[in-house]
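Keep in mind that this is a model prediction, so the values were computed, not measured. One-based numbering, in listed order, for ligands and for the atoms of each. Computation of the quantities below employed the complete heavy-atom set of this structure, encompassing side-chain atoms and omitting hydrogens, waters and symmetry-equivalent molecules.
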Amino acid sequence: MHIDVFTLHPAMFAGPLTESILKRAQEMGALSISLHDIRDHTEDKHNTADDTPYGGGGGMVMKVEPVVRAVEAVIASSSGVPVILMSPQGRVFNQRLASELSQESRLALICGHYEGFDERIRQTVVTDELSIGDYVLTGGELAAMVIIDAVARLLPGVLGDPDAPIKDSHATGLLEHPHYTRPPAFRGMTVPDVLLSGHQANVERWRRQESLRRSWQRRPDVLLKAALSDADRWFLMELAQADIAERAQKDDRPPQG
Ligand code: 4H6
């Protein structure tokens, strides 16, 4: 996959792209990234990339010409390459979108600064607008790095275990079960016996149930979309009944239902 990034701050990408798995992904040729400085496409002597908003009010707006020129210098219009604007107003990015984007051979990410973009940037070069969550950042760079990271780890060969992304929390629709490694006891906290038992079927059942328990407690919204077996449903019924019984005990009244 090739990713073109358009930014006023290309140096921000150095750290994340030159360490660990993203570094390896590039070395092995699964991923290549080109950073394009939007300021290189300004035409005035001060290299102005922003201007005051028409209609007044505070703040600055990213100018249309430098961004459109930068993108058009690299991506032919109607090439079919997704040109994605990182913005708090975009569709909220998730694992499903990461998986869809990982199927593309090429992506372009535009990072904004100032209060926002001249609307005509959206009308000319942008094909999609993504947000990494409902909060505001000083610029789109960190959001673009999140997208790159989430997509890169899904590319063939990037992770050691080719099934790892399929087993991921959020890919299965469930949160992950607890993990343990040595030592068997730490400050009185012991590893669950089943994990030391060597009984693989029991281990798998325990992990599945703990995933269900965590999803039920922390992310019932995620649980609603998950593919569940009959055994899963029975276990969740037991959890729900335990909850109802516990609440009834607290309220000191007989359990309902
Ligand atoms: C576009 C429009 C992405 C981009 C406005 C970008 C959050 C996300 C930005 C802005 C981003 C996200 C500029 C508005 C700074 C606030 C850059 N923030 N902002 N959630 N900021 O993915 O002021």
Side-chain angles (χ1 to χ4, degrees), residues 1 3-17 21-22 31 33-42 46-75 77 81-104 106-154 168-171 219 221-222:
M1 170 179 285
I3 304 180
D4 290 289
V5 180
F6 300 90
T7 170
L8 287 169
H9 302 286
M12 282 183 72
F13 290 81
L17 295 183
I21 291 171
L22 292 185
L31 175 67
I33 296 179
S34 301
L35 300 171
H36 307 281
D37 191 337
I38 292 168
R39 213 174 288 284
D40 293 344
H41 297 266
T42 56
H46 298 295
N47 299 124
T48 315
D50 64 328
D51 204 344
T52 53
Y54 278 124
M60 297 297 272
V61 174
M62 202 131 146
K63 286 171 67 62
V64 60
E65 305 100 307
V67 175
V68 168
R69 271 201 293 265
V71 173
E72 287 181 344
V74 178
I75 314 272
S77 57
V81 176
V83 178
I84 301 165
L85 188 68
M86 300 313 308
S87 120
Q89 290 127 56
R91 288 196 288 161
V92 179
F93 185 65
N94 58 21
Q95 193 62 37
R96 183 179 46 77
L97 286 169
S99 175
E100 284 174 22
L101 291 179
S102 74
Q103 302 297 306
E104 303 280 349
R106 219 175 146 182
L107 295 176
L109 304 175
I110 307 177
C111 311
H113 262 265
Y114 314 115
E115 308 314 305
F117 296 92
D118 187 304
E119 188 63 20
R120 292 164 294 186
I121 295 171
R122 291 188 173 88
Q123 294 169 341
T124 46
V125 292
V126 172
T127 66
D128 208 348
E129 197 164 338
L130 291 183
S131 163
I132 61 162
D134 292 338
Y135 40 81
V136 178
L137 304 169
T138 58
E141 284 77 11
L142 287 167
M145 288 184 239
V146 166
I147 305 282
I148 292 169
D149 191 284
V151 170
R153 64 186 288 288
L154 301 179
D168 278 344
S169 143
H170 288 288
R219 292 296 300 275
D221 58 316
V222 157

>> List the residues meeting ring-ring contact (aromatic ring centres under 6.0 Å, His included) with H36, not counting sequence neighbours, and say none if there are none.
In response: F6
>> Listing request: all side chain to side chain donor-acceptor pair (under 3.5 Å) pairs with a residue in residues 114-123, at least two apart in sequence or in separate chains.
In response: Q89-R122, D118-R120, E119-R122, R122-E129
Once you restrict both partners to nitrogen or oxygen, which atoms of ligand 1 have a protein partner under 3.5 Å, and how far apart are they?
residue  : atom   : partner : partner atom : Å
ligand 1 : 18 (N) : L137    : N            : 2.9
ligand 1 : 20 (N) : S131    : OG           : 3.2
ligand 1 : 20 (N) : G133    : O            : 2.9
ligand 1 : 20 (N) : Y135    : O            : 3.1
ligand 1 : 21 (N) : L137    : O            : 3.1
ligand 1 : 22 (O) : I132    : N            : 2.8

>> Please check if the number of heavy atoms outside D134 that lie under 6.0 Å from its CG is greater than 12.
In response: no
> When you look at D50 and H113, which way does the side chain to side chain contact (heavy atoms under 4.5 Å, CB included) test go after all the steps?
Replying inline: CA-CA 9 Å; D50 64 328; H113 262 265; over 6 Å; no
>> Run V146 and L137 through side chain to side chain contact (heavy atoms under 4.5 Å, CB included) and show every step you take.
In response: CA-CA 13 Å; V146 166; L137 304 169; over 6 Å; no
>> List the residues meeting side chain to side chain contact (heavy atoms under 4.5 Å, CB included) with S102, not counting sequence neighbours, and say none if there are none.
In response: V151, L154, L155
